[in-house]
There are 2 protein chains.
Amino acid sequence: MPLENPPGSAFLLAAVGAHAAARFAERVAALDLTPPQVGLLGLIAASPGQSQQQVAQVLGMPPSRLVGLVDALADRGLVERRRNPDDRRLHALHITEAGRAVLDEIGAVGRAHDDALCRSLDADERETLRALLSRIAADQGLRPGVHPGYRSV
Amino acid sequence: MPLENPPGSAFLLAAVGAHAAARFAERVAALDLTPPQVGLLGLIAASPGQSQQQVAQVLGMPPSRLVGLVDALADRGLVERRRNPDDRRLHALHITEAGRAVLDEIGAVGRAHDDALCRSLDADERETLRALLSRIAADQGLRPGVHPGYRSV
DNA sequence: TATTGTTATACTCTATAACTATA
DNA sequence: TATAGTTATAGAGTATAACAATA
């Protein structure tokens with residue numbers, strides 16, 4: 001129940017955000033992917049060649065957790081680990097051609113998801129919503145494009 | 001990373017919503033409560049006398065999960081189970097005076113949380129945001145005041 | 001000795017299903 | 001037999017810490 005009546009923006013944000021995340025998870029499940037895997041794939045595509053430590057740092061998760069995520073994507077040939085010859089401890093992460101193709105599919109899924117979620121808003125209203133949310137995100141210190149839900153406490 | 005550039009409303013909503021939920025969880029943790037407990041307490045206050053089955057139905061969780069949540073609140077004297085004399089299988093849930101007092105504290109915490117989250121928006125903008133989010137929530141079939149994140153798949 | 005990536009372990013949360021008491 | 005509530009069990013997800021390879 002709303003603790004305030006009417007419910008405050010924060011409650012609405014959390015509720016609608018959780019709904020949006022759940023619906024998105026359903027959609028990418030059809031591609032046999034989880035949201036954290038999607039976030040990781042997108043990050044590797046945007047910043048190729050980084051080490052697992054660096055990626056874990058950006059995503060705000062322990063490096064040990066990254067191992068399984070990278071394994072899942074690598075097993076399917078969507079990303080690859082390349083050993084750095086200068087320092088053979090480092091594994092640079094790169095997206096593959098197959099990974100890029102899947103990323104395109106994810107993009108289509110994301111747009112469909114966006115449309116379904118905001119279908120009750122016209123174009124101007126969607127832009128207003130995006131602008132307000134972007135302002136909050138920046139003010140609250142959220143890194144653009146990084147979902148804080150994958151971050152540890 | 002945003003799969004679209006700029007990120008769509010849905011991604012922003014999920015990200016800011018997760019952030020809002022995490023910050024709220026931190027705040028109520030200071031009252032020794034978890035967000036599901038807060039949601040349950042608020043629901044019992046708003047609709048007293050319902051059975052656990054009914055409450056579980058509204059919250060979208062299995063009745064077995066409700067047991068632990070009610071136990072935690074009942075052990076602290078915030079709610080109580082009252083057996084129905086006509087059908088002794090049913091436990092009607094009621095909030096206590098102590099529960100009401102805690103609910104007041106939660107309300108204050110929620111307002112502070114709301115202010116902190118939306119501090120980059122002026123009053124008009126906050127109202128605009130609330131209106132747009134309310135529209136999406138209604139269109140997407142979210143029950144007012146019920147956080148879908150506690151719902152099972 | 002320090003660091004990268006990995007594996008092992010343990011813990012939290014939750015759903016499913018068995019169980020009890022009432023009807 | 002059916003239903004409300006409870007307890008038991010099991011599974012998913014994740015953090016912490018130990019470990020092996022490399023520096």
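Keep in mind that what you see is a predicted model, and the values were worked out from it rather than measured. Side-chain atoms are counted along with the backbone in the values below, which use heavy atoms only and exclude waters and symmetry mates.
- Shown here is A:Gln57, whose CD atom has no more than 12 heavy atoms of other residues, nucleotides or ligands within 6.0 Å.
- Taking atom CG on B:Leu69 and atom P on C:dT14, their separation rounds to 8 Å, with Å as the unit.
- Using a 3.5 Å distance cut-off with no hydrogens or angles, the side chains of A:Arg23 and B:Gln140 do not pair a donor with an acceptor.
- Side-chain atoms of A:His94 and A:Glu80 include no donor-acceptor pair closer than 3.5 Å.
- In this structure, CD of A:Gln57 is placed 15 Å from C1' of C:dT3, rounded to the nearest angstrom.
- The distance between atom CE of A:Met61 and atom C1' of D:dG13, rounded to the nearest whole Å, is 12 Å.
- The shortest non-hydrogen separation linking B:Gly49 to B:Ala92 is O-CB, 3.5 Å.
- Protein atom CZ of B:Arg65 is 18 Å distant from nucleotide atom P of D:dA12, rounded to whole Å.
- Side-chain atoms of A:Arg126 come within 3.5 Å of backbone N or O of A:Leu121 as a donor-acceptor pair.
- Going from atom CD of B:Gln37 over to atom C1' of C:dT12 covers 14 Å, rounded to whole Å.
- A:Leu66 places its CG atom 12 Å from the P atom of D:dT14, with the value rounded to the nearest Å.
- The B:Gln52 side chain lies nearest to D:dG5 when the options are C:dG5, D:dG5, D:dT16.
- Going from atom CG of A:Leu40 over to atom P of C:dG5 covers 13 Å, rounded to whole Å.
- Residue A:Ser64 is in base contact, counting any heavy-atom pair closer than 4.0 Å across all strands shown.
- When the options A:Thr34, A:Leu33, A:Val38 are evaluated for a side-chain contact (heavy atoms from CB on, under 4.5 Å) with A:Pro36, the one that passes is A:Thr34.
- Of the residues in residues 80-95 of chain A, those with a non-hydrogen atom less than 4.0 angstrom from any atom of DNA chain D are A:Asp86, A:Asp87, A:Arg88, A:Arg89.
- Nearest nucleotide to the side chain of B:Gln53, out of D:dA4, C:dG5, D:dT16: D:dA4.
- In this structure, A:Leu59 places its CG atom 12 Å from P of D:dA15, rounding to the nearest Å.
- Taking CZ of B:Arg130 as the start and CG of A:Leu13 as the end, the distance is 11.5 Å to the nearest 0.5 Å.
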